[in-house]
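What follows is a single structure, written as C-alpha cells, with notes after it.
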Amino acid sequence: MLPALREASRQVYLRSREQKKLDELQDAILDEQYLFEGIELTAKEKEEFRYKRTVLELAKRGAEDLDSFEEYRMPESYDREGKVKQDRRFAVALERYKDVDGENEKMNPFAEQEAWEEHQIGKAKLQFGAANRKKKDDYEYVFEDQIDFVKADLLEGFNEDDMEMEEAEIKKSAEKSAFMQLQEERKTLPIYRYRDELLQAIDDHQVLVIVGETGSGKTTQIPQYLHEAGYTKKGRIGCTQPRRVAAMSVAARVAQELGVKLGHEVGYSIRFEDCTSDKTILKYMTDGMLLREFLGEPDLASYSVMMVDEAHERTLSTDVLFGLVKDIARFRPDLKLLISSATLDADKFSDYFDKAPIFNIPGRRYPVDLLYTKAPEADYLEAAVVTVLQIHVTQPAGDVLVFFTGQEEIEAAEEILKARTRGLGSRIAEMIICPIYANLPSDLQAKIFEETPEGARKVVLATNIAETSLTIDGIKYVIDPGFCKQKSYNPRTGMESLIVTPISKAAAQQRAGRAGRTSPGKCFRLYTAWSHQHEMEDNTVPEIQRTNLGNVVLMLKSLGIVDLVHFDFLDPPPAETLIRALEQLYALGALNDHGELTKLGRRMAEFPLDPMLSKMIVASDKFKCSEEIVTIAAMLSVGNSIFYRPKDKQVHADNARMNFHTGNVGDQIALLKVYDTWKETNYSTQWCYENYIQVRSMKRARDIRDQLEGLLDRVEIEPSSSPNDIEAIKKAITSGYFYHTAKLQKNGSYRTVKNPQTVHIHPSSGLAEVLPRWVVYFELVITTKEYMRQVIEIKPDWLIEIAPHYYKKQDVEDASSQKLPKGTGRAVMD
DNA sequence: GAGCACTGC
C-alpha cells in the first residue's frame with residue numbers, strides 16, 4: 001500500500017517536471033525564432049517579449065525548487081491506524097491524478113498562452129494584436145463546457161451595458177441633494193423592479209424563501225419595503241446577520257436611506273452593544289443575539305416580520321434559529337418569516353419550511369471566467385506561487401487574491417514569492433504582497449485596504465477570512481487551491497481538531513465570486529474540472545454537525561424543549577453529539593433525572609458560555625472568588641490567541657509567557673495573572689507588546705469579563721474576591737471541570753478518567769514539564785498528538801468533595817493497579 | 001517540545 005503510494009507520488013512528480021521541461025523547451029524554440037527571423041519588434045511587442053523572458057526565468061527558478069518537492073510532499077508520518085496522515089491533500093491530488101489522461105486534457109489555466117504560442121510557431125509570424133484576439137476565442141472554446149453554471153448566472157444576472165447606464169445615472173444624481181441621491185440609488189438596485197411582486201408574495205405566504213445574490217439589495221431594501229407597506233404598525237421588523245460588522249454597517253446604511261438617526265427608528269443589536277431604542281422598528285442583529293433574545297421572549301411577540309439573512313452560510317446560530325422560528329410560525333400565523341439566501345440551498349430551505357415558495361432576485365455581479373488545471377497539482381502551494389507569478393507578468397492590471405488554509409502556508413508563500421521576484425527589479429511591475437488572517441495584528445491587516453499604486457499589483461494571501469468576512473475591492477484574479485481548514489468534533493472522545501479538507505462547490509463558487517465584485521475577473525482553480533465536478537461535495541457540512549453542542553443544548557433546554565434528539569433541525573447533528581452534551585449537563589447537575597433543567601441549570605443558561613465555564617462561575621460563589629473566576633472564564637473563552645509568538649522571536653515570547661507561571665500555579669491561574677497585571681498597567685497597549693500579548697484578545701477578554709460580571713447579579717451571585725487563595729480558585733475551576741480529569745501514568749503521559757484515553761499536556765502549558773499527578777484540563781485538541789490545553793493541578797480528594805455524585809473513593813485512590821472509573825454515578829443532584 | 005480556519009453569544 002505505502003510503497004505503491006510513494007511510487008504514485010513519484011510519478012506525479014516526474015510527470016509535472018516533464019511538463020515543465022516541455023514548456024520551457026517550447027518557450028526556448030519561440031525565443032530562437034524571434035532571433036532567427038530578425039524581426040523588428042515594436043515597443044509594445046518588446047514589452048511582451050520581455051514579459052515572456054521573465055516568465056521563462058521564473059519558470060526555471062520554479063524548476064529548481066522542484067528538486068525538494070518529493071521530501072516536501074511525502075513526509076513519513078502516519079496516523080494511529082498506520083494510514084498516511086496529513087497528506088489527505090496528497091491523497092486527493094492522487095485521486096485527481098488518475099484522470100490526467102482522460103477528459104481533462106484541455107483544462108489548463110494557461111491554455112490561453114499555449115494556444116497562442118502554438119499558433120505563433122505555426123505561422124512563424126508576429127502579429128500580437130490579432131493573436132490576442134484569437135487567443136481569447138480559443139480559450140473560450142476550450143472552456144465552454146466548464147463554465148455552464150456560472151455562465152448561466154452571468155448571462156441572466158447582469159448586463160454590463162445596464163450597469164454602465166446605472167452608474168451614469170448615479171453620477172448624474174450626484175448633483176442632487178444627498179438624500180435625494182440615496183433615493184435614486186435605491187431605485188437602481190436590482191430588487192427595485194420586484195418590489196410590488198415581492199410584497200404581494202409576502203402578503204400571500206407566511207414563509208418565503210428569498211434567493212438573491214450579493215448586490216441585489218435584499219438586506220437593505222426588503223425591511224424598508226415592508227415598513228412602507230405598513231408591517232411596522234403590527235410590530236418591529238428584525239433581520240439577522242451572521243456577523244457583527246454586517247449588522248452594524250447595514251443598519252447604518254438603512255438609517256441613512258430613511259434619513260433617521262441610527263439607533264432611533266433603525267437600530268442594531270450585537271454583543272456588547274445595543275444600539276436600539278423604544279422607537280426602533282427596523283432592527284438588524286447578529287443571529288446569536290436573536291438566539292439570546294429568545295430566552296426573554298420565546299414567541300418573538302414584538303416582531304411582525306423576521307428575516308433570516310445569509311441563511312446559506314449555515315452558521316450554528318442560524319441553524320438553531322431555523323428550528324425555533326419554524327416552531328413559532330405554527331402558533332403565530334401573523335408572524336412573517338423570510339429566509340434569504342444566495343442561490344444554492346433554496347430548495348432545501350423551501351422543503352424544510354413546508355414547501356415555502358421561492359422568490360428569485362437577480363444579483364449584480366461581473367462575470368468571472370473559471371479556469372481549471374489540466375492535471376492535478378500535487379503541491380498546491382508551489383502551483384499557487386507559480387500562478388501568481390504568471391498572472392503578474394502575463395495578465396492586465398488587477399489585484400490577485402489567493403486562498404490558503406492558514407498562517408503557516410501564507411508565510412511560506414510570502415517568502416517564496418519574495419525570493420523569486422528578488423533581483424528582477426524593473427523587469428516586472430512592482431508586486432505588493434499582503435498577508436491576511438484573523439490572528440494578524442490589526443495594524444498589519446490594514447495594509448490590504450490601501451489602494452494599489454499605479455503600475456503595481458497587489459497580491460493578497462488570505463485564509464478563509466476573505467471568503468465571507470471581508471471584501472477587498474479591486475480584486476480581479478482569484479487563485480483557489482481548493483482547500484480550507486475545518487473544525488471537526490468527535491463526540492465520543494470529546495476532542496476537537498482542525499483538518500485540512502477539500503472545499504465544497506458552494507465555497508468554490510463563493511471564492512470565485514470574489515474576483516467579480518468591481519469588474520469582470522478570472523478565477524484560477526488549482527484542481528481539474530473533473531474533480532470539481534465529481535469529487536467535491538455540493539455544500540460544506542454545516543457547522544452544527546461538526547461542533548460541540550454543549551451550550552446549544554443548554555439553551556434549547558432552557559427554552560423548554562424536552563426531546564432534543566427529535567428536534568426539527570434542518571440538518572440534525574449526530575445523535576452522539578447531543579447525547580454527550582446531555583450527559584455532561586447531567587454530570588454538572590444542570591439537568592435532573594427527567595431531563596429537565598434544574599435551578600442550577602437555569603442559572604447556568606444565563607451565561608453565554610460553555611456549560612462547564614458557566615458552572616465554574618456559579619460555583620465560584622461558594623468559594624468566594626467570583627471576581628477571579630469571571631476573569632478566568634473570560635480569558636478562556638477568548639481562545640488560544642492571547643500569547644503572540646512571532647516566528648523570529650519565539651524564545652523571547654516563551655520567556656515572557658513563563659513569567660506568569662511562577663510557582664507552577666497552572667495555566668488558568670497564569671491567565672488570571674496576565675489579566676490582572678494588564679489591568680494594573682491601566683490596560684496598557686505598550687505592556688502587551690512588551691510581554692508578547694495580543695492586544696486585541698485582551699480587549700476582547702475585558703469586554704467579555706464586563707458582560708459576565710454584569711450577569712452575576714441576575715443569578716444572584718455576590719461579587720467576592722480571594723486573590724491569594726489559589727486553592728479556592730482551583731476548587732471553583734474543578735467544580736466546572738471535574739468531568740475533565742486526567743491522571744499521570746508511569747510513562748509521563750496522562751489517562752483521562754472519563755472515557756479513558758491517553759493524552760498529553762500541551763507543550764505550551766506551564767505544567768508541561770512539571771507533570772503533576774492529577775490535573776483538570778480545559779479542552780482536548782488533536783494536532784500531532786492528543787493534547788490537553790490549559791491545565792491545573794488538583795488534589796484527588798477535591799473530586800470527592802466537589803462531585804461526590806460523580807466520583808467515589810476508589811476512583812481517586814492512587815494505587816496504580818486500581819481500575820479507573822467507568823461510567824460512575826449519573827447525576828443525583830437536587 | 002509545539003501550531004493557532006472563521007464566526008457568534
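Just so you know, these numbers use all the heavy atoms, side chains as well, and skip hydrogens, waters and symmetry mates. Protein chains get the first letters and strands the later ones, always in sequence-line order, with residue 1 at the start of each.
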Aromatic contact, A:Tyr437 with A:Phe404 (centres under 6.0 Å): no
Ionic contact status for A:Lys485 with A:Glu408, cut-off 4.0 Å: no
In whole angstrom, what separates [X]'s [atom1] from [N]'s [atom2]?
X: A:Leu295; N: B:dG8; atom1: CG; atom2: C1'; result: 15 Å
X: A:Glu293; N: B:dG8; atom1: CD; atom2: C1'; result: 14 Å
X: A:Met248; N: B:dG8; atom1: CE; atom2: C1'; result: 15 Å
X: A:Leu559; N: B:dC9; atom1: CG; atom2: P; result: 17 Å
X: A:Asn548; N: B:dT7; atom1: CG; atom2: C1'; result: 16 Å
X: A:Arg243; N: B:dC9; atom1: CZ; atom2: C1'; result: 16 Å
X: A:Leu609; N: B:dC9; atom1: CG; atom2: C1'; result: 9 Å

Nucleotides 1-6 of chain B: protein proximity per nucleotide (B base, S sugar-phosphate only, - neither; heavy atom, under 4.0 Å): BBBBBS
Straight-line distance of A:Glu377 CD to A:Leu526 CG, nearest 0.5 Å: 6.5 Å
Nearest-0.5 Å distance, CD1 of residue A:Ile448 to CD1 of residue A:Ile433: 15.0 Å
Sugar-phosphate, base or nothing in reach of A:Leu316, heavy atoms under 4.0 Å: nothing
Sugar-phosphate only, base, or nothing, as touched by A:Arg271 at under 4.0 Å among non-hydrogen atoms: base
Polar contact flag, side-chain donor to acceptor under 3.5 angstrom, A:Lys487-A:Thr547: yes
Pair A:Glu310-A:His312, side chain to side chain contact (heavy atoms under 4.5 Å, CB included): steps then yes or no: CA-CA 5 Å; A:Glu310 313 288 355; A:His312 61 278; 3.1 Å; yes
